[in-house]
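Keep in mind the model is a prediction, meaning the values are calculated, not measured. Residue numbers start from 1 in every chain, and the chains themselves are labelled A, B, ... in the order their sequence lines are given, proteins ahead of strands.
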Amino acid sequence: MTLPRSFYDRPTLQVARDLIGKVLVHRSRAGDTSGVIVECEAYIGEEDPACHASAGRTRRTAPLYGPPGHAYVYFNYGMHYLVNAVTEAEGTPAAVLLRALEPLDGVEIMRRRRARGTLRRPEAFKPHELCRGPGNLTCALGIGRAHNLGDLTSGGLVIEDRGLGSFPLGWGQRIGIRVGTDRPWRVFVPGHPAVSGPPSRSRRA
DNA sequence: CGTTCGATGCACT
DNA sequence: GTGCATCGAACGT
């Protein structure tokens with residue numbers, strides 16, 4: 001079932017925690033792609049220096065101030081789209097950045113998208129690297145500008161509860177930011193091969 | 001193993 | 001003009 005708007009209309013850290021194990025689905029012309037969310041990060045309010053809303057309400061950050069359950073998609077470093085789920089009541093700027101998925105449906109489509117424009121062949125991608133990292137997962141699912149402000153509770157890009165059960169949770173510092181690094185607002189499935197960041201110590205045999 | 005660094009577009013001041 | 005919520009190739013150890 002698709003997550004209802006009330007799921008997102010809650011404290012952002014709770015939403016981030018509960019998004020682990022849910023499924024991001026994109027139904028596109030090329031076919032359906034989906035994956036289990038195994039890593040995400042909370043960005044909360046104008047007082048969070050890493051949150052885009054710290055710059056106040058601008059054309060870029062307007063989606064953060066909008067109603068919960070919508071997508072905030074933006075373009076970064078000149079080459080990557082990043083997708084967030086907007087949380088909390090309208091007027092309260094906050095969101096959860098989706099950082100990694102375990103691929104479920106459409107793995108071959110993901111391979112083709114990831115390989116496009118590279119020298120690497122599609123079949124060279126291992127499943128767990130297809131959606132590891134926020135820029136990689138949007139590439140694999142074909143998420144772009146057009147999805148900004150889209151409704152995650154209905155339409156082509158949605159988040160579903162497929163009853164996959166509970167996952168072990170780890171919390172830590174957010175990755176790739178230069179300010180607000182003290183807040184432990186990153187949630188992930190410890191040791192999962194699709195999780196981004198430095199390889200876990202426990203990976204050694 | 002580890003770290004560094006270039007590519008690349010755009011919103012914002 | 002500046003600075004990114006990144007990625008992966010290219011180094012050094």
Checklist entry - What does C:dA5 pair with, Watson-Crick or G-U, if both distances are under 3.5 Å? => result none

Item to check | Spacing of A:His52 atom NE2 relative to B:dA11 atom P, expressed in whole Å | outcome: 13 Å

Item to check | Sugar-phosphate only, base, or nothing, as touched by A:Asn84 at under 4.0 Å among non-hydrogen atoms | outcome: base

Next on the checklist: Whole angstroms only, please: what is the OH-P distance between A:Tyr77 and B:dA11?
Outcome noted: 17 Å

Next on the checklist: Counting the atoms with a prime plus P, OP1 and OP2 as sugar-phosphate, which does A:Arg186 contact under 4.0 Å by heavy atoms, base, sugar-phosphate, or nothing?
Outcome noted: nothing

Checklist entry - Rounded to whole angstroms, how far apart are CG on A:Asn148 and C1' on B:dA11? => result 13 Å

Next on the checklist: Using a 4.0 Å heavy-atom cut-off, does A:Arg99 contact any base of the nucleic acid, only the sugar-phosphate backbone, or nothing at all?
Outcome noted: sugar-phosphate

Checklist entry - Counting N and O atoms only, with roles assigned by atom type, does the side chain of A:Gln173 sit under 3.5 Å from a partner on the main chain of A:Thr181, one being a donor and the other an acceptor? => result yes

Checklist entry - Between A:Tyr8 and A:Ile159, is a side chain to side chain contact (heavy atoms under 4.5 Å, CB included) present by the stated rule, with each step listed? => result CA-CA 11 Å; A:Tyr8 303 95; A:Ile159 303 179; 3.4 Å; yes

Checklist entry - When we call it a touch if two heavy atoms are under 4.0 Å apart, what does A:Arg120 touch: a base, just sugar-phosphate, or nothing? => result nothing

Next on the checklist: With no hydrogens and no angle check, just 3.5 Å: does a side-chain donor-acceptor pair link A:Ser196 and A:Glu39?
Outcome noted: yes

Item to check | Over-ring placement of A:Arg99 relative to A:Phe188, 6.0 Å and 45° cut-offs | outcome: no

Next on the checklist: If only side-chain N and O atoms count, and only distance matters, is there a donor-acceptor pair under 3.5 Å linking A:Tyr81 with A:His147?
Outcome noted: no

Next on the checklist: When both hydrogen-bonding distances must be under 3.5 Å and the geometry is Watson-Crick or G-U wobble, what is B:dT8 paired with, if anything?
Outcome noted: none

Checklist outcome for this item: Between CZ of A:Arg57 and P of B:dA11 the distance, given in whole Å, is 17 Å

Checklist entry - Roughly how far, to the nearest 0.5 Å, is CD of A:Glu88 from CG of A:Leu64? => result 11.5 Å

Checklist entry - Under 4.0 angstrom, heavy atoms only, what part of the nucleic acid is A:Gly135 near: base, sugar-phosphate, or nothing? => result sugar-phosphate

Item to check | Cation-pi, A:Tyr43 ring and A:Arg174 (6.0 angstrom, 45 degrees) | outcome: yes

Next on the checklist: Of all nucleotides in DNA chain C that come within under 4.0 Å of a heavy atom of chain A, which is furthest toward the 5' end and which toward the 3' end?
Outcome noted: C:dC4 to C:dG8

